[in-house]
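This report refers to the structure that appears directly beneath it.
To find a chain, count down the sequence lines: A is the first, B the second, and so on, and within it residues start at 1.
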2 protein chains.
Amino acid sequence: MEYKFEVNANEYLPLREVVFNNLRDAILKGQLKPGERLLENHLADKLGVSRTPVREALRMLEQENLVELIPRRGAQVLDISAEDIKNILEIRKALEVVSIRHACQKMDEESLKELKAYNAEFEKAFENEDYEGVATSDEKFHDVLFRAAGNLKLVAIISNIQAQVYRYRMAYLKVYETKTAVINHHRNIIEAVEKHNEEMGEKVMAEHIEHQTQVILESLKK
Amino acid sequence: MEYKFEVNANEYLPLREVVFNNLRDAILKGQLKPGERLLENHLADKLGVSRTPVREALRMLEQENLVELIPRRGAQVLDISAEDIKNILEIRKALEVVSIRHACQKMDEESLKELKAYNAEFEKAFENEDYEGVATSDEKFHDVLFRAAGNLKLVAIISNIQAQVYRYRMAYLKVYETKTAVINHHRNIIEAVEKHNEEMGEKVMAEHIEHQTQVILESLKK
DNA sequence: TATAATAAAACTGTATACTGTATAAATGAT
DNA sequence: ATCATTTATACAGTATACAGTTTTATTATA
């Protein structure tokens, strides 16, 4: 019998996906700045591929609302206004509320443990002023809630929405007053989920997102 | 002085957009059926273009959740389960509620008139059993509400969401009991908007979408 | 007749070549 | 110098060519 390496079918990624992930990342992290033009040739050279996969990746990024394509002019990183941020966070609020309602109804012990674990991570990171850590554990915290909702479409939309305001996340967390407010929100969310108290969950989550909106919009004025 | 034809800058559409619109339409109308494979060469020949714009259009359709791309295998029209429909309509409900809250707060006279006009169209079409007409005036009715909300991101997401369940729209409207229920919903929505009664609007809209969900899921069982 | 091995065909993935249109640079007129 | 006019350049849009992989058809084998 002949042996083969067990090749994971997921191992292969088309170049367009690689390019897509690359660019997406660079945009989210702010390495590619709003308004910056994305020249196909330039990107292709830099990434060591031909224009074809770059172009396809750009079409995907357009649909994700991360870049803007102007016919015969090319792509540029989408700029986002204060109004946009308000609009996006309003949508996020509505969807997070849906998701926590479900979570309050049917979250199991396992997920609840996870939720608490990520929250511990979250608080610790805050103590250490490790904002990168705060951000990632915050994401994980919310992810548990989405997943508990058991609505995959919801997860997809929220993560798309989030990508659009990702850049402003750090500014938010670093604002001094955020810390105590957000830690409280999270604790209340856990309590609501634990007690299966939908109304409470809904209320706290709405506050949580509204607070975030306030702070981000405030910080934008400067 | 020399005259030139006033050339509208928006007149030019890249082929990928043309192909995209074409395929999108065909999928929404059910001419391309769920599960059906979309062969690049075939489509390119049929539309009289090369594979390049077809491929780019497919990437866009993937991001719109209308087709599924399997690496090295190609594209196929995305199939949708009852679960998906439930999930999607739950999201739609949340977003329509957001939008009607705004509409109740700040809809102007002009838009209100439009709303009533489309609703008259809607009721008349129902009388004439012109379901195509019912569907389009219903769309316009809801569009007025979205637009009143003044949140462009919301409009974009809802229309994407709607595209995914577009196929089931007719089955819904043709169910006998739908007629009276929906006509009532619409009338109540108008009343709520007119009286700036947010709570009422929210309640009616939620019912409206829930009803739709019920009927569609029911009709799927057959 | 089923099953495995092999060969052929059909597709997708990627690169490259070509075309036409904007944009920027260079030239010339006022 | 400033503005218009031409020319050159850079770029996106589209088509095509080729490579590699999967699927299907064909043949061989039990």
Please figure out whether A:Gly48 or B:Gly74 has its closest DNA chain C nucleotide nearer the 5' end.
B:Gly74
Partner residues of B:Arg55 under the side-chain hydrogen bond (donor to acceptor under 3.5 Å, both in side chains) criterion, sequence neighbours left out
A:Glu56, B:Glu40
Can any side-chain N or O of B:Asn119 pair as donor or acceptor with the backbone N or O of B:Phe122 at less than 3.5 Å?
no
Interatomic distance, A:Ser99 atom OG to A:Arg92 atom CZ [nearest 0.5 angstrom]:
9.5 Å
Could you measure the distance from the CZ atom of B:Phe20 to the CG atom of B:Asp25? Nearest 0.5 Å is fine.
10.5 Å
Between A:Asn151 and A:Val98, does the side-chain contact (heavy atoms from CB on, under 4.5 Å) criterion hold? Intermediate values first, please.
CA-CA 10 Å; A:Asn151 181 333; A:Val98 170; 5.6 Å; no
Whole-Å distance between [N] [atom2] and [X] [atom1]?
X	N	atom1	atom2	result
B:Tyr12	C:dG20	OH	P	12 Å
B:His42	C:dA10	NE2	P	14 Å
B:Leu69	C:dT14	CG	P	13 Å
A:Glu40	C:dA15	CD	C1'	14 Å
A:Leu39	C:dA24	CG	P	12 Å
B:Arg72	C:dT14	CZ	C1'	12 Å
A:Asn41	C:dA15	CG	P	13 Å

Nearest-nucleotide check on DNA chain D, A:Thr52 vs A:Arg73; residue mapping nearer the 5' end is A:Arg73
Near-strand residues of residues 54-64 of chain A, defined as heavy-atom separation under 4.0 angstrom from DNA chain D
A:Arg55, A:Arg59
Listed partners of A:Tyr118 passing ring pair (Phe, Tyr, Trp, His ring centres under 6.0 Å), at least two apart
none
Check residues 133-146 of chain A and write down every donor-acceptor pair under 3.5 Å in which the side-chain atom is one partner and the other belongs to a residue at least two apart or another chain.
{"residue": "A:Thr136", "atom": "OG1", "partner": "A:Glu132", "partner atom": "O", "Å": "3.4"}
{"residue": "A:Thr136", "atom": "OG1", "partner": "A:Gly133", "partner atom": "O", "Å": "3.2"}
{"residue": "A:Ser137", "atom": "OG", "partner": "A:Gly133", "partner atom": "O", "Å": "2.8"}
{"residue": "A:Ser137", "atom": "OG", "partner": "A:Val134", "partner atom": "O", "Å": "3.2"}
{"residue": "A:Asp138", "atom": "OD1", "partner": "A:His142", "partner atom": "NE2", "Å": "3.4"}
{"residue": "A:Asp138", "atom": "OD1", "partner": "A:His186", "partner atom": "NE2", "Å": "3.1"}
{"residue": "A:Glu139", "atom": "OE2", "partner": "A:Arg169", "partner atom": "NH1", "Å": "3.2"}
{"residue": "A:His142", "atom": "ND1", "partner": "A:Glu96", "partner atom": "OE1", "Å": "3.3"}
{"residue": "A:His142", "atom": "ND1", "partner": "A:Glu96", "partner atom": "OE2", "Å": "3.4"}
{"residue": "A:His142", "atom": "NE2", "partner": "A:His208", "partner atom": "NE2", "Å": "3.4"}
{"residue": "A:Asp143", "atom": "OD2", "partner": "A:Arg147", "partner atom": "NH2", "Å": "3.3"}

Considering only heavy atoms of chain B and a distance under 4.0 Å, specify the first and last nucleotide of DNA chain D in 5' to 3' order that meet this criterion.
D:dG13 to D:dT23
Ignoring hydrogens and angles, write down the donor-acceptor pairs under 3.5 Å from the side chains of residues 60-72 of chain A, residues two or more places apart or on other chains.
{"residue": "A:Glu64", "atom": "OE1", "partner": "A:Arg24", "partner atom": "NH1", "Å": "2.8"}
{"residue": "A:Glu64", "atom": "OE2", "partner": "A:Asn160", "partner atom": "ND2", "Å": "3.2"}

Give a yes-or-no answer on whether the side chains of B:His102 and A:Glu90 include a donor-acceptor pair shorter than 3.5 Å.
yes
Checking all strands, does B:Arg51 fall into the base, sugar-phosphate, or nothing category for heavy-atom contacts under 4.0 angstrom?
base
